[in-house]
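Counting begins at 1 with the first residue of the sequence.
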Amino acid sequence: MPQIIPNLWFDTEALYAAEVYCSVFPGSSIDVVSHYPDDTIREAGMVLTVDFTLDGQRFTAINGGPQFPFTEAVSLLVDCADQAEIDHYWAALSAGGREGQCGWLTDRYGVSWQICPADMAGLMSGDRARTARVFAAMMPMRKLDLATLRGAADG
């Protein structure tokens, strides 16, 4: 079965971003770095692609140029086991970036992330009143507060 590998398009920051991401997630590594050859669209020797692994998930990053910036239309979701993990990933990935609403942030490279509890789908499922309570509690939050969300779910 083929593996799906997210490919992130950067202007010039692919290696720097991969290094930061690898420092944030346990069990991560830079696997392969390729460089532009002579006589191509970018400077010879500049990093072309970076293959890296974040906690078992493979990624590729490319320094393709400025024409395709990131948007929030695509984000990377981090399922967190507890509030300590939410706090860790929120602090590490929002540093130099900007905080969004409802657990979303944009890192310093423009990549959007959702930092959520692993049981978020369970908190938002069930009867409509439960979903409405959790949704109402979540809407004013930036970094998600798991105790508040669970309290809202329990009514």
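Atom CD1 in Ile30 sits 6.0 Å away from atom CG in Leu15 (nearest 0.5 Å). In this structure, the separation between CE on Met46 and OG1 on Thr40 is 9.5 Å, given to the nearest 0.5 Å. Atom CG of Asp119 sits about 9.0 Å away from atom CG of Asp79, to the nearest 0.5 Å. Ile62 CD1 to Trp9 CH2: the interatomic distance, rounded to the nearest 0.5 Å, is 5.5 Å. Of the inter-residue distances, the one linking Asp55 atom CG with Gln57 atom CD reads 9.5 Å to the nearest 0.5 angstrom.
Taking both residues in full, the closest heavy atoms of Gly45 and His35 are given as O-CD2, 3.0 Å, listed atom of the first, atom of the second, then distance. A pairwise comparison of heavy atoms in Tyr36 and Glu43 identifies CB-O, 3.6 Å as the closest pair.
The aromatic rings of Tyr21 and Phe10 sit tilted relative to each other, their planes meeting at an angle between 30° and 60°.
At least one donor-acceptor pair under 3.5 Å links the side chain of Asn63 to the backbone N or O of Glu13. No side-chain donor-acceptor contact under 3.5 Å links Arg130 to the backbone of Met124.
Under 4.0 Å is where a charged nitrogen must lie from a carboxylate oxygen, and between Arg58 and Asp51 no such pair does.
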Intermediate values then yes/no, salt bridge (Lys or Arg N to Asp or Glu O under 4.0 Å), Arg42 and Asp11: CA-CA 11 Å; Arg42 308 289 311 252; Asp11 180 7; 3.1 Å; yes
